[in-house]
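Reckoned from all heavy atoms, side chains included, excluding hydrogens, waters and symmetry mates. Letters A, B, ... are given to chains in the order of the sequence lines, protein chains preceding strands, and every chain is numbered from 1.
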Amino acid sequence: WDLFRPLAEAVAVAQHHDAVSGTAKQHVTNDYAVRIQRGVDGVEGHFSRTLNAALLTRGSPSAPAPPSPDPDAVATRCPLLNVSACPVTESMTPGDVVAVLAYNPLAWERMEHVRIPMNAAAARRAVVVDASSGEFVPSATLPAPPPAPLAGRTTTQLVFSVALPPLSVSTFFVRSLSENEVLPETALAEAAEETGA
Amino acid sequence: SESDANDGGAVSVSVDPNDGGLLVDFVVDATFNLTAKITAAFYASHDGSDGFVPSGAYVFRPDSSQEATPLRTPSFDAAAFRAFRSGVLAETRVAFGDWASVAVRTWSKERVPHAEVEWTVGPIPVEADGVGKEVIVRYSTGLATGGTWATDSNGRDMQPRRRDHRDDWTFRNASEEPVSSNYYPFGSIATLTGDERAGFHLLTDRSQGVGSIRDGELEAMVHRRNLNDDWLGVGEAMNETQCGCRECDCPGLVARGTHLIAATTPATGPRTYRELQTRSQNPTQLAFAKVNGWFEESIR
């Protein structure tokens, strides 16, 4: 309960009709938002630790003990995906692999369309998406949508569609190929054609 | 751009060469295609100079004495468009002037034929003309709706709406507030009814106001910036800026959201918009982790 208390209290405060409907002075509205975000950040940390515990314990009991955890290998959400911001995927360099964990909260299968920002260097050479089964997932890259990204930020989006089973976490791997890696053309992310037609 | 791998039929996006309008074409059935034109416009916010309440935080009161002003003069300007096509996704982007844009996406592997309309609006300029603005995205379909549509505001049942009408009192002053008196809240779905050829469905990712001010059209108010307090308690205009201070003239807020649009026969409408509603209101949660080397093997 202590973990969730900040969020619970922030949401309780936000039950006021001014918070629900936005009928308050801007600084008051901003204050509601700050409180809720602080609560979300607290739960976020717990969410990541839980996911990592799941990540690191999966694998056979006989597997060798993991090396000291790579600080980057922490599963995190990217709340600003809708504005093409996701530090984990934007910092990919050729040779990196990012696991994408997708939790489907519905009790039936759904088709999810994923759009994740990548920096041009990682996307330029070649990108591959595959499921945990090793099967390649058709994917494509296209320029990030406007407004123009901040200087030095991501300029490319990787898009793919996956079917997610009910009430479960599915894992996909996005790999930016390094110089000496060669894979079949069909596996690589297709560069979307800009068409004037 | 065209994505015709959808099981339920093709959804394609094109541009009207005459006026640069963005068109989304749905194959409703073998006998009927519906084309929805997407435009963006703003109503001037009423400033209360007539002694009645201005438009503000509590009150949505467009100045109905003026038509909504298009954000881009209707003309074909190739520079305003970018279209991308791939085996996964077809995306067409349109700039409506220099402070609003729309990206329309159709996904190839999609069971329920629909289009995603990602709208981005702001910062809304008010310095030059000193006029508050209520920005709308409008979908014009040409359906003969006879002034009827439906909205949901609780995610459970659809409320039939009729223009200039109220079931429980005599609606007389149609000419006074023809826009705001025909706006209703929609928490997730609005749908055009009344035409036996097809229904047009609009889904939102947040509570908004929606109205069918003209037959065959649905418009949703997606962003606003007011310059007058509406005398109902906030004590300041709904004029939010990025830095939040009142003194400087820093820019207004930028808002981005997603509408889902679909067109079906009237009979299959609920099946389609209920599925889209459930997906939209229960999004997949994504998490990311860089897993080079040992970690990748462990997770696999």
Side-chain angles (χ1 to χ4, degrees), chain A residues 22-27 29-30 48 51 55-56 58-59 63 66-67 70 72-78 81-83 86 88-89 92 95-106 110-114 116 132 138-140 142 145-147 159-161 164 171 173 190 192-196, chain B residues 1 56-58 78 81-91 93 95 101 103 105 107-112 116 118 120 207 230 232-236 238-241 244-246 254 256-258 275 278-279 282-300:
Chain A
T23 46
K25 287 186 170 64
Q26 179 168 4
H27 70 83
T29 301
N30 289 352
S48 294
L51 262 183
L55 280 175
L56 290 179
R58 278 209 251 164
D70 169 354
D72 274 345
V74 173
T76 58
R77 281 186 341 111
C78 291
L81 262 183
N82 66 329
V83 288
C86 179
V88 175
T89 56
M92 283 181 77
D96 278 349
V97 179
V98 164
V100 178
L101 294 92
Y103 169 64
N104 171 19
L106 294 178
R110 76 190 284 164
M111 181 61 71
E112 183 62 25
H113 306 304
V114 180
I116 48 179
S132 47
S139 59
L142 70 163
V159 297
F160 55 93
S161 300
L164 301 177
T171 308
F173 296 88
E190 166 200 6
E193 166 212 7
E194 178 157 9
T195 168
Chain B
S1 62
Y58 277 96
F81 294 92
R82 292 189 76 181
F84 302 88
R85 187 164 38 194
S86 70
V88 174
L89 162 75
E91 179 164 324
R93 302 173 186 167
S101 64
R105 300 188 179 94
W107 295 84
S108 300
K109 280 175 71 175
E110 177 52 62
R111 265 184 323 108
V112 181
E116 265 179 41
E118 182 180 77
T120 305
S207 287
D230 57 15
L232 291 174
V234 173
E236 66 182 25
M238 171 67 80
N239 179 11
E240 298 187 309
T241 61
C245 72
R246 297 263 130 232
V254 176
R256 170 173 281 181
T258 301
E275 173 153 352
T278 303
R279 280 202 233 171
N282 299 276
T284 298
Q285 298 297 314
L286 294 177
F288 304 85
K290 202 172 284 182
V291 288
N292 296 352
W294 183 90
F295 284 106
E296 180 188 356
E297 287 319 306
S298 153
I299 293 170
R300 284 184 185 278

- Message: Quick check on the interface: out of A:Val98, A:Thr23, A:Leu81, who has the most heavy-atom pairs with chain B under 4.5 Å?
- Response: A:Thr23
- Note on the structure: Highest number of heavy-atom pairs under 4.5 Å with chain B among A:Leu164, A:Val114, A:Val100 belongs to A:Val100
- Nearest atoms (heavy-atom pairs only) where B:Glu91 meets A:Pro145: OE2-CB, 4.3 Å
- Contact summary for A:Phe160 and B:Trp107, nearest pair of heavy atoms: O-CZ3, 4.1 Å
- Message: Under the criterion side chain to side chain contact (heavy atoms under 4.5 Å, CB included), I'd like the reasoning laid out for B:Glu236 against A:Gln26: C-alpha separation, chi angles, the key distance, then a yes or no.
- Response: CA-CA 9 Å; B:Glu236 66 182 25; A:Gln26 179 168 4; 3.9 Å; yes
Please determine, among [options], the option with the most heavy-atom pairs under 4.5 Å with chain A.
options                               : answer
B:Arg82, B:Met238, B:Arg93            : B:Arg93
B:Val234, B:Thr278, B:Leu232          : B:Val234
B:Thr258, B:Asp230, B:Leu89, B:Asn282 : B:Asn282

- Partner residues of A:Thr29 under the side chain to side chain contact (heavy atoms under 4.5 Å, CB included) criterion, sequence neighbours left out: A:Ala24, B:Glu240
- Message: With a 3.5 Å distance limit and no angle check, can you tell me whether B:Glu296 reaches the backbone of A:Val97 through a side-chain donor-acceptor pair?
- Response: no
- N/O donor-acceptor pair under 3.5 Å between B:Arg279 side chain and A:Arg110 backbone: no
- Item | Derivation and outcome, side chain to side chain contact (heavy atoms under 4.5 Å, CB included), residues B:Val88 and A:Ser161 | CA-CA 7 Å; B:Val88 174; A:Ser161 300; 4.1 Å; yes
- Task: Using the test salt bridge (Lys or Arg N to Asp or Glu O under 4.0 Å), find all partners of A:Arg77 that sit at least two apart in sequence or belong to another chain.
- Result: A:Glu44
Any chance you could measure [X], atom [atom1], to [Y], atom [atom2], to the nearest 0.5 Å?
X        : Y        : atom1 : atom2 : result
B:Thr284 : A:Leu106 : OG1   : CG    : 7.0 Å
B:Arg105 : A:His113 : CZ    : NE2   : 11.5 Å
B:Lys109 : A:Glu112 : NZ    : CD    : 12.5 Å

- Query: Under a 4.5 Å heavy-atom cut-off, does chain B meet the side chain of A:Glu193, its backbone, both or neither?
  - Reply: both
- Okay, A:Thr76 and chain B: the region with an atom under 4.5 Å from a heavy atom over there is both
